[in-house]
K.L.:
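The structure follows.
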Amino acid sequence: MLSSLTNVFVSRGLPTAVIVVGTPGRETESNILHIMPENGTVERYDICFTTRVIRNNGSERSREQIGTIAVPRLGDHVAMKNFLDDIQARALLRWKEVVSDPSRPERGARNYSPFGYIVDVPQLVDDILRPAALDATRAWEELVPPESTGVTEPVYIVHVKRSKPGIINTSSCI
């Protein structure tokens, strides 16, 4: 009984990670890509006018800048969304490779849940998100050379603790 009560107040939470393109807190949009480690479902949303990347179902634990992209002008949300589209496509291909790897545990093993295959967060970051973002950044640099643009936007990996599985944001452009 006491341990159940303790678990309610001292939850370890469910970790995940997101890609953020742009600088949260400026008067421009930042674009967020979340691939849920429970099943590979994609969540995308924008934030405006706030430094808080995560709302509703989680809290930011750490933020690591992994690169920058050049955009024609500050807050060019079309360019940033196109860039995030590229990251998403690359990440989903990597997700499929990871979960179809024959060396992964079968159903009933630790990495399987009723939702599907669970990819642990270090693997999500190291094998899926980071390589997808870095590959997309290199491809973007070939299309849009930094010297031909006005500004650069940062690309972050943000580690998040969620209170429950699933989406981490329930409102757009907050």
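None of the values given here were measured: they were computed from a predicted structure.
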K.L.:
Please evaluate residues Ile87 and Arg90 with respect to the criterion side-chain contact (heavy atoms from CB on, under 4.5 Å), reporting the C-alpha separation (whole Å), side-chain torsions for both, the decisive distance (0.1 Å), and the verdict.
P.N.:
CA-CA 5 Å; Ile87 294 174; Arg90 292 168 190 270; 5.9 Å; no
K.L.:
For Asp86 and Ala139, which heavy atoms make the closest approach, and how far apart are they?
P.N.:
OD2-CB, 4.3 Å
K.L.:
Do Glu60 side-chain atoms and Val158 backbone N/O form a donor-acceptor pair below 3.5 Å?
P.N.:
no
K.L.:
Would you give the length of the straight line joining atom CD1 of Ile157 to atom CG of Asp126, rounded to the nearest 0.5 angstrom?
P.N.:
8.0 Å
K.L.:
Assess whether side-chain contact (heavy atoms from CB on, under 4.5 Å) is satisfied between Glu153 and Asn31, documenting all intermediate values.
P.N.:
CA-CA 11 Å; Glu153 291 283 359; Asn31 298 277; over 6 Å; no
K.L.:
Between Val125 and His159, is a side-chain contact (heavy atoms from CB on, under 4.5 Å) present by the stated rule, with each step listed?
P.N.:
CA-CA 9 Å; Val125 170; His159 291 264; 3.7 Å; yes
K.L.:
Does any non-hydrogen side-chain atom of Leu84 lie less than 4.5 Å from one of Met80?
P.N.:
no
K.L.:
How close do Ala132 and Ala91 get, counting heavy atoms only, and between which atoms?
P.N.:
CB-N, 3.6 Å
K.L.:
Is a donor on one side and an acceptor on the other found under 3.5 Å between the side chain of Arg130 and the backbone of Leu134?
P.N.:
no
K.L.:
Take Tyr45 and Ile168 through the test side-chain contact (heavy atoms from CB on, under 4.5 Å) and record every step on the way to the result.
P.N.:
CA-CA 10 Å; Tyr45 58 95; Ile168 53 177; 3.6 Å; yes
K.L.:
Quick check: closest heavy atoms across Ala133 and Ile66, and the distance to 0.1 Å?
P.N.:
CB-CD1, 3.5 Å
K.L.:
Assess whether a salt bridge exists between Lys81 and Asp85, defined as any Lys/Arg side-chain N lying under 4.0 Å from an Asp/Glu carboxylate O.
P.N.:
no
K.L.:
For Asp127 and Val98, work out which heavy atoms get closest and say how close.
P.N.:
CB-CG2, 4.2 Å
K.L.:
Is any side-chain heavy atom of His34 less than 4.5 Å from a side-chain heavy atom of Thr41?
P.N.:
no
K.L.:
Check whether any side-chain heavy atom of Tyr156 sits under 4.5 Å from a side-chain heavy atom of Val18, and report yes or no.
P.N.:
no
K.L.:
Once side-chain contact (heavy atoms from CB on, under 4.5 Å) is applied, do any residues pair with Leu92, and if so which ones, sequence neighbours excluded?
P.N.:
Ile35, Val42, Gln88
K.L.:
Could you tell me whether the side chain of Trp140 and the main chain of Ala70 form a donor-acceptor pair under 3.5 Å?
P.N.:
yes
K.L.:
Could you pull out the closest heavy-atom pair between Asn39 and Trp95, with the gap in Å?
P.N.:
C-CZ2, 3.4 Å
K.L.:
Measure across Pro37 and Arg162 and return the closest heavy-atom pair with its distance rounded to 0.1 Å.
P.N.:
CG-NH2, 3.7 Å
